[in-house]
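Position 1 is the first residue of the sequence; numbering continues from there. Here the structure is a predicted model, which means the values were calculated and not measured.
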Amino acid sequence: MTERTFPGIEQHPDILALRASSERATTTVTAQIMEGLALLAGLYLAASAWIVGFHTTLPTLAVTNLITGLAYAFLMGGGFGSAYERTHAMCWAATGIGAWTVIAPFIVSGARSSHPAAVIVSNAVVGGLAVLFAAGTGLLALRVKRRS
């Protein structure tokens with residue numbers, strides 16, 4: 001008797017269509033710019049304690065920004081956010097990291113009555129941009145997926 005061979009799951013038409021959709025999303029200029037800016041935002045967040053100068057006065061926030069900045073850069077910089085067919089949830093996790101960045105100075109630094117304005121402004125701006133870049137990348141991938 002002859003054995004029937006079936007193609008692997010990687011050759012399934014639905015998988016191929018999802019990969020093609022993801023390729024269309026990541027090859028647009030808009031997606032590439034957003035991913036590049038998101039990578040820069042993550043790297044700035046990681047180094048912000050030393051750039052702004054609060055690494056000695058707020059060491060816990062400095063470590064928090066370092067960890068969240070590296071995580072954000074990893075999630076968004078590798079193109080994971082717009083590789084929709086396998087990892088679309090990562091851009092939404094990166095959106096959560098951006099939101100955390102905005103509120104982190106108030107939660108991590110404890111019951112301080114006053115924070116340096118530079119700390120608040122730095123975290124609020126980079127956190128807001130991180131949310132915009134991550135959500136924008138995810139929405140761009142969804143938009144391209146709906147067109148196909």
What pair of heavy atoms forms the shortest contact from [X] to [Y], and how long is it?
X: V131; Y: A99; answer: CG2-N, 3.4 Å
X: V102; Y: A124; answer: CG2-O, 4.0 Å
X: A41; Y: V126; answer: O-CG2, 3.5 Å
X: A94; Y: L75; answer: N-CD1, 4.0 Å

Shared hydrophobic cluster, M34 / L139 (ILVMFWY, side-chain heavy atoms < 4.5 Å): no

Single-linkage hydrophobic cluster I67~I107, side-chain heavy atoms < 4.5 angstrom: no

Main-chain N/O of A38 paired with Y72 side-chain donor or acceptor, under 3.5 Å: no

To the nearest 0.5 Å, what is the distance between [atom1] on [X] and [atom2] on [Y]?
X: F74; Y: L39; atom1: CZ; atom2: CG; value: 12.0 Å
X: T101; Y: I97; atom1: OG1; atom2: CD1; value: 7.5 Å
X: L43; Y: L70; atom1: CG; atom2: CG; value: 7.5 Å
X: F106; Y: I120; atom1: CZ; atom2: CD1; value: 3.5 Å

Candidate pair M76 and T137, rule side chain to side chain contact (heavy atoms under 4.5 Å, CB included), full reasoning: CA-CA 9 Å; M76 295 303 298; T137 302; 3.5 Å; yes

Side-chain touch L37/L129, heavy atoms, less than 4.5 angstrom: no

Flag side-chain contact, heavy atom, 4.5 Å: V108 against W100: yes

Pair T95-W92, side chain to side chain contact (heavy atoms under 4.5 Å, CB included): steps then yes or no: CA-CA 5 Å; T95 304; W92 303 116; 3.8 Å; yes

Can I get a per-line list of side-chain donor-acceptor pairs under 3.5 Å for residues 58-65, giving both atom names and the distance, sequence neighbours left out?
from	atom 1	to	atom 2	distance (Å)
T64	OG1	T60	O	2.9
N65	OD1	N123	ND2	3.4
N65	ND2	S48	OG	3.2
N65	ND2	N123	OD1	3.0

Ring pair (Phe, Tyr, Trp, His ring centres under 6.0 Å) partners of residues 33-54, not counting sequence neighbours, each pair once: W50-H55

